[in-house]
Protein chains: 2
Amino acid sequence: MTVHAHPELTKNQSLVFGSLSDAGGPLTAYAILDILRENGFRAPLQVYRALDKLVEYGLVHRLESLNAFVACSHKGCSGHGSAAFAICEKCGEVSEFTPDDAIQLLKDWTDGKGFRLSRTTIELRGICRSCGAET
Amino acid sequence: MTVHAHPELTKNQSLVFGSLSDAGGPLTAYAILDILRENGFRAPLQVYRALDKLVEYGLVHRLESLNAFVACSHKGCSGHGSAAFAICEKCGEVSEFTPDDAIQLLKDWTDGKGFRLSRTTIELRGICRSCGAET
DNA sequence: AGTCTAAACGTAACACTATTACGTCAATAC
DNA sequence: GTATTGACGTAATAGTGTTACGTTTAGACT
Ligand SMILES: [Zn+2]
Ligand SMILES: [Zn+2]
Ligand SMILES: [Zn+2]
Ligand SMILES: [Zn+2]
């Protein structure tokens, strides 16, 4: 597996990426803004601009169904096929994985339709093992 | 294929479903509201409440990556596995399909993790055949 | 050095998406 | 009749994301 190179992060990008890494789970842009106010952040655009770059570099993923962002679990996803996410609706835990076989089947479908695939969003909702074991 | 039963639609639900069917593509909740103002709609909640039910009945799908809603292409998706969507980023066309094989592979992964899957979101972004053929 | 350019940044204002809160109404159940 | 339920109407508010505009920073080139 090759990890694609990306430019050094700017100060704002590092702060945003750091907040996501520390969180160990998804954060909304406004939650990141609140965390980084003590570092001088004042406006949402500072967060969104950093997130745009981090997503572009493959260091962060956007979770569409949560309107939130999460640090990549693989030190950058650029090197392999797209990622998928299992999201526990009880505790909020997010597990990232890379279902290359399933994505290939989806790609077979798009290829058959002449659809040029550029990005996949796969988000699974449910109850994780530890939450399902309770009571 | 069996189509699951659902209650008769209320007036508001029928209006919202009708606007989505007529559109032949995705609409945001506020776009629906604007369309239905001439039918007496005044507030977003009237749209959101109807959409909640229509989604529950499987007549309408929510496209997470567009914050929009689209009428189901299969007269109700309750009868089969979850749906997937190919969304053209140029013309906005949305194609619904049901990749049962890919979803089964995803389910295999969640089963292995003890994750109880309740809902899948699969949205593919790219360029459709007719848009890709241009120039 | 001086100039040019591109990328990142700061700030304010705004637009879009979704929910909470509270009251009303109609249909059904007891 | 009264209680329960579900749908509805309206206003206010909360949450998410973008546009607009000007400034700063870091390199590239004379
Ligand atoms: Zn990743
Ligand atoms: Zn959980
Ligand atoms: Zn469907
Ligand atoms: Zn197209």
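Quantities reported herein were computed from a predicted structural model and do not represent experimental measurements. Naming convention: chains lettered A, B, ... in sequence-line order (proteins, then strands); numbering from 1 in each chain. Below, all heavy atoms of this structure are taken into account, side chains as well, without hydrogens, waters or symmetry copies.
- Between B:Trp109 and A:Phe97 the shortest heavy-atom distance is CE2-CG, 3.4 Å.
- Legend: residues meeting salt bridge (charged side-chain N to carboxylate O under 4.0 Å, His left out) with A:Glu64, ordered by chain and number and at least two apart, are A:Arg62, A:Arg119.
- If you check residues 10-20 of chain B against DNA chain C, you find no residue with a heavy atom closer than 4.0 Å.
- Residues B:Phe17 and B:Ala71 approach most closely at CE1-CB, 4.1 Å, considering heavy atoms.
- A rotation axis mapping the C1' atoms of four pairs onto the next four is fitted at both ends of the helix from C:dA1-D:dT30 to C:dC30-D:dG1 over five pairs, and the angle between these axes is 30° to 10 degrees.
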Review item, side-chain donor-acceptor pairs of residues 125-132 of chain B, under 3.5 Å, at least two apart:
from: B:Arg125; atom 1: NH1; to: B:Ser65; atom 2: OG; distance (Å): 3.0

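- A search for salt bridge (charged side-chain N to carboxylate O under 4.0 Å, His left out) contacts involving A:Asp101 returns nothing, not counting sequence neighbours.
- Counting 5' to 3', DNA chain D first comes under 4.0 angstrom of a heavy atom of chain B and last does so at the ends given by D:dA7 to D:dT10.
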Quiz item: Going through the checks in order, is the side chain to side chain contact (heavy atoms under 4.5 Å, CB included) test met by A:Phe85 and A:Val70?
Solution: CA-CA 10 Å; A:Phe85 302 88; A:Val70 67; 4.2 Å; yes
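- Residues A:Leu105 make up the rest of the hydrophobic cluster containing B:Leu105, defined by ILVMFWY side-chain heavy atoms closer than 4.5 Å, directly or through other members.
- By the side-chain contact (heavy atoms from CB on, under 4.5 Å) test, B:Asn39 is found to be paired with B:Leu15, B:Leu36, residues two or more places apart in sequence or in another chain being considered.
- Applying a 4.0 Å cut-off to non-hydrogen atoms, the residues of residues 23-49 of chain A that approach DNA chain C are A:Arg42, A:Ala43, A:Leu45, A:Gln46, A:Arg49, listed by residue number.
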Practice problem: Begin with the C-alpha distance, continue with both residues' side-chain angles, and end with the deciding distance and a verdict on side chain to side chain contact (heavy atoms under 4.5 Å, CB included) for B:Val16 and B:Phe41. | Solution: CA-CA 10 Å; B:Val16 169; B:Phe41 274 47; 4.0 Å; yes
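- Protein chain A contacts DNA chain C from C:dA8 to C:dT11, reading 5' to 3' and using non-hydrogen atoms of the protein with a distance under 4.0 Å.
- Applying the side chain to side chain contact (heavy atoms under 4.5 Å, CB included) test between A:Ile122 and each of B:Thr121, B:Leu106, B:Leu124 identifies B:Leu106 as the sole match.
- Judged as a side-chain contact (heavy atoms from CB on, under 4.5 Å), and not counting sequence neighbours, the contacts of B:Thr10 are B:Asn12, B:Gln13.
- At a cut-off of 3.5 Å, with distance as the only test, a side-chain donor of B:Asp108 or B:Gln104 sits close to an acceptor on the other residue.
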Quiz item: Would B:Ile35 and B:Asp22 satisfy side chain to side chain contact (heavy atoms under 4.5 Å, CB included), going step by step from the backbone distance to the final call?
Solution: CA-CA 11 Å; B:Ile35 291 171; B:Asp22 292 350; over 6 Å; no
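- Of all the heavy atoms in A:Ser82 and A:Ile103, the pair that sits closest is O-CD1, 3.1 Å.
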Side chains of residues 42-53 of chain B: which donor-acceptor partners sit under 3.5 Å, not counting sequence neighbours?
from: B:Gln46; atom 1: OE1; to: B:Arg42; atom 2: N; distance (Å): 2.6
from: B:Gln46; atom 1: OE1; to: B:Ala43; atom 2: N; distance (Å): 2.9

